[in-house]
Asks: 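Please see the structure below; I have some questions.
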Amino acid sequence: MPPPSMSTLPPEFIAEILTELPVKSLVRFLCVSKLWYAMINNPDFIKKHLKRSIEANRERTLIVQDCERLSNQDPCFKKFEDNNRRPPYFYSVRFHDDGRFDRAVRLYQPLRHRRAKATILYYCNGLVCLYNLETEIVIWNPLIRKYKKLPFEPIDIPSGFKKEVSHSIWNSPAMWSEFAFGHDPVNDDYKVVRVSELISWCDREFEVKIYSLRAHSWRRVKHKWPKKESSIASKPAFLNGAVHWLAATHSRRSLEMLVALDLATEKFRMYKTPFKLGHGVSKLELEVLGGALCVCVHRYMEESDSVWVMKEYGLASSWTLLCTITQEAVIYCKPLVFSKNGEKVLIEQDFDKLFWYDVEEETASKVEILGMPDNFRTATCVGSLVLLNGDNVIDVDLEEGDSEDLGWWNYW
Amino acid sequence: MANNGENPSPDVGGKTVKLKADDGEIFEVEEAVAMELQTVKSFFDDDGVSYDTVVPLLNVSSTALAKVIQYCRRAVELRAKSGDDEGANEKAREEREGLEAELVREESDEGIKELILAANYLNIKDMLSFLCRAVGDRIKNKSVEYVRRFFVLENDFSPEEEERTRNEVAWAFEGVDAD
């Protein structure tokens with residue numbers, strides 16, 4: 001029997017070593033041999049590697065969208081007027097278990113439209129969903145520089161939809177779409193949800209469609225939007241295989257409902273919440289923190305925001321006050337992640353502040369990151385190989401004359 | 001830690017097992033430690049094999065075997081220390097991690113490979129686990145050529161195929177350690 005050598009090690013052992021590696025190494029090692037190429041591309045391996053990344057919070061990175069030239073407006077509405085300037089960049093910032101942040105490194109992103117700026121829609125498991133006002137949507141894995149662009153999907157106006165009388169200036173219904181993004185754990189698929197509201201003077205309809213990354217196509221969701229009188233009133237939050245929104249009736253006098261769409265069954269659920277607008281509450285934001293749904297309540301009369309957590313998913317009575325943030329937000333206050341020891345929360349506020357908030361002491365310590373843009377929004381990623389077979393993000397600037405950047409940009 | 005095949009004598013009164021390395025050197029180890037090596041355990045699980053039999057480990061060098069025995073001996077001691085006490089468990093875990101780090105710290109690539117092959121042949125699950133992590137750490141910033149040499153792998157891509165993949169993901173080749 002020949003003596004054992006490294007080349008005769010069992011493949012499970014090699015796979016175990018590969019599971020330990022960061023994504024940049026794995027992408028490079030695709031070139032080692034055909035066997036390694038096949039092992040790294042194997043969907044079970046990718047799933048196992050991602051699971052390890054999530055459990056250990058490996059390669060945690062902030063993906064930063066530069067929201068420059070911003071006033072008190074939502075950056076989604078800012079079209080880029082100046083034709084001679086390139087759209088603002090994205091950046092990646094690695095952060096470590098001890099709370100340290102590396103410097104911001106410029107990152108190319110795949111939605112490079114001359115006039116419409118790309119905005120972060122949502123993020124999940126190392127993937128970031130971007131969209132722009134031209135309704136182009138991409139799913140992007142920034143750590144491996146791959147992406148997939150969604151095909152265009154029209155909004156279908158139902159034939160029986162009652163429009164106005166013919167002399168009205170409103171000939172077609174107003175349409176408004178909200179999007180969400182998340183992971184369907186049953187089918188191991190990533191999905192984009194579009195809820196479109198069609199409004200005319202006398203009728204209101206909802207159309208719900210889902211894009212599946214596996215099928216690379218859209219389809220209509222059969223289950224109807226649960227309450228015609230209620231519209232989406234928050235950004236989406238993905239948790240437990242479902243996307244969630246706060247929804248309110250138009251009079252806004254009712255309690256805010258929590259609407260959930262299960263990505264596997266494609267069915268809606270509704271939960272009551274103890275929150276409502278009015279009585280000093282000016283804004284409610286829905287987020288996910290530490291594996292639970294979280295609502296940030298702004299009270300414009302008091303100088304604080306309170307953060308509530310739904311301790312037991314699905315149980316309306318389990319909403320518990322986590323902490324009160326004495327640094328009041330003007331526009332929004334978004335909790336991102338807990339620190340490793342769970343004592344602090346990283347918070348993004350008002351497009352220009354990032355700080356660690358000590359839950360017990362109720363104190364904030366500002367985070368300084370070299371190279372960070374003045375105005376920003378963030379997404380959080382871990383090391384993932386999902387979309388390894390996607391399209392490559394091309395490192396090319398749209399315009400010439402971008403030489404001011406060649407000095408300091410780093411490959412990463 | 002001794003690295004020259006030194007053979008500390010076992011505790012008086014415990015049962016021992018004799019292991020023979022590829023160069024004929026005999027190691028006498030406590031039974032509990034020997035049973036960490038699944039291959040040795042299987043050897044004695046067979047009917048009619050007396051504990052006095054010397055276990056021939058033809059594919060393991062005496063250097064590697066000495067280190068393996070050292071590791072397993074400490075691992076067994078640490079496992080005995082941990083119990084229900086969370087503090088004691090945490091301390092034992094830290095000690096074990098220190099032990100593992102020390103085992104691989106000074107090792108050359110050849111040394112690590114020898115340990116891997118020994119742990120694989122002797123079927124020691126915990127040791128294989130941490131060796132995987134150690135190897136991962138060692139190769140993560142290395143070039144493709146380095147990895148091929150380490151794992152003794154043939155490059156079975158055509159030059160065109162390799163060129164295409166390299167160009168597509170050129171960014172992944174930056175900042176790599178020089179060979």
Side-chain angles (χ1 to χ4, degrees), chain A residues 1-41 49 52 56 58-59 92 105-108 142-146 383 385 388-395 409-412, chain B residues 22 58-61 64 109-110 112-123 125 128-159 161-177:
Chain A
M1 198 179 94
S5 83
M6 295 296 284
S7 57
T8 57
L9 280 175
E12 307 86 59
F13 190 74
I14 305 289
E16 186 60 34
I17 295 177
L18 294 178
T19 315
E20 296 293 324
L21 295 176
V23 292
K24 181 181 174 187
S25 311
L26 288 167
V27 170
R28 182 168 68 252
F29 296 161
L30 285 170
C31 291
V32 165
S33 72
K34 287 189 178 174
L35 175 66
W36 278 48
Y37 186 93
M39 286 180 83
I40 295 168
N41 265 299
H49 180 274
R52 196 77 69 88
R58 283 194 308 200
E59 302 188 76
S92 68
V105 174
R106 199 185 72 182
L107 200 54
Y108 289 104
L143 300 203
I144 64 171
R145 310 194 188 186
K146 296 272 189 177
L385 289 171
L388 187 56
N389 57 355
D391 300 316
N392 295 304
V393 178
I394 308 292
D395 295 357
W409 111 42
N410 296 303
Y411 279 112
W412 167 87
Chain B
D22 64 357
L58 299 169
N59 289 320
V60 186
S61 73
D109 280 359
E110 285 313 310
I112 286 242
K113 288 190 216 181
E114 220 179 39
L115 279 174
I116 290 174
L117 293 170
N120 184 44
Y121 176 76
L122 296 168
N123 201 351
K125 200 157 161 277
L128 277 171
S129 226
F130 92 78
L131 283 173
C132 281
R133 282 197 298 279
V135 172
D137 223 27
R138 201 170 266 241
I139 65 171
K140 70 184 179 203
N141 281 329
K142 298 292 188 214
S143 69
V144 168
E145 291 75 19
Y146 182 103
V147 170
R148 285 186 191 136
R149 283 198 301 274
F150 191 94
F151 289 94
V152 188
L153 293 168
E154 281 268 341
N155 174 13
D156 50 357
F157 283 116
S158 74
E161 284 170 328
E162 188 171 352
E163 171 102 12
R164 198 179 338 127
T165 312
R166 277 188 188 244
N167 285 337
E168 273 189 15
V169 293
W171 61 272
F173 287 81
E174 278 144 31
V176 167
D177 292 349

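To find a chain, count down the sequence lines: A is the first, B the second, and so on, and within it residues start at 1.
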Asks: Return the option, out of A:L26, A:V27, A:V32, A:T19, with the maximum number of heavy-atom pairs under 4.5 Å with chain B.
Replies: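 Heavy-atom pairs under 4.5 Å are most numerous for A:V32.
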Asks: Which atoms of A:Y37 come close to chain B, meaning under 4.5 Å heavy atom to heavy atom: side chain ones, backbone ones, both, or neither?
Replies: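 Side chain only.
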Asks: How long is the gap from CD on A:E16 to CG on A:L9, to the nearest 0.5 Å?
Replies: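 That separation rounds to 13.0 Å.
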Asks: In terms of heavy-atom proximity below 4.5 Å to chain A, should B:L128 be classed as side chain, backbone, both, or neither?
Replies: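 B:L128 touches chain A through backbone and side-chain heavy atoms alike.
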Asks: Would you call A:E20 and B:R138 a salt bridge, using N to O less than 4.0 angstrom?
Replies: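 No, A:E20 and B:R138 are not salt-bridged.
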Asks: Check B:R166 with B:E163, please: is the shortest side-chain N to carboxylate O separation under 4.0 Å?
Replies: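 Here B:E163 does not pair with B:R166 in a salt bridge, since their nearest N and O are not under 4.0 Å apart.
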Asks: Thinking salt bridges, do B:E162 and B:R148 make one under a 4.0 Å N-O criterion?
Replies: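 Result for this pair is yes, salt bridge flagged.
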Asks: Where is the tightest heavy-atom contact between A:L143 and A:E59, given as atom of each residue plus distance?
Replies: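 Heavy atoms only, the tightest pair is CD1-O, 3.8 Å.
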Asks: Under a 4.5 Å heavy-atom cut-off, does chain A meet the side chain of B:E114, its backbone, both or neither?
Replies: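 No part of it gets close to chain A.
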Asks: So, for A:W36 and B:V147, which heavy atoms are closest and what is the spacing to 0.1 Å?
Replies: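 The answer is CH2-CG1, 3.5 Å.
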Asks: Contact part of A:I14 toward chain B, heavy-atom cut-off under 4.5 Å: side chain, backbone, both or neither?
Replies: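 Side chain only.
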Asks: Looking at chain A, which one of B:T165, B:D156, B:V152 has the largest number of heavy-atom pairs inside 4.5 Å, strictly under?
Replies: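 Top option by heavy-atom pairs under 4.5 Å: B:D156.
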Asks: Given a strict heavy-atom distance threshold of 4.5 Å, which part of B:N120 is in contact with chain A: side chain, backbone, both, or neither?
Replies: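 Contact with chain A involves the side chain of B:N120 alone.
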Asks: Between B:S129 and chain A, which part of the residue has a heavy atom less than 4.5 Å away: side chain, backbone, both or neither?
Replies: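 Looking at B:S129, nothing touches chain A.
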Asks: Atom CD1 in A:I40, atom CG in A:L21: separation rounded to 0.5 Å?
Replies: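 Between A:I40 CD1 and A:L21 CG, I get 8.0 Å after rounding to 0.5 Å.
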Asks: Could you look at B:I139 and say if it's the side chain, the backbone, both or neither that has a heavy atom under 4.5 Å from chain A?
Replies: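 For B:I139, backbone and side chain are both near chain A.
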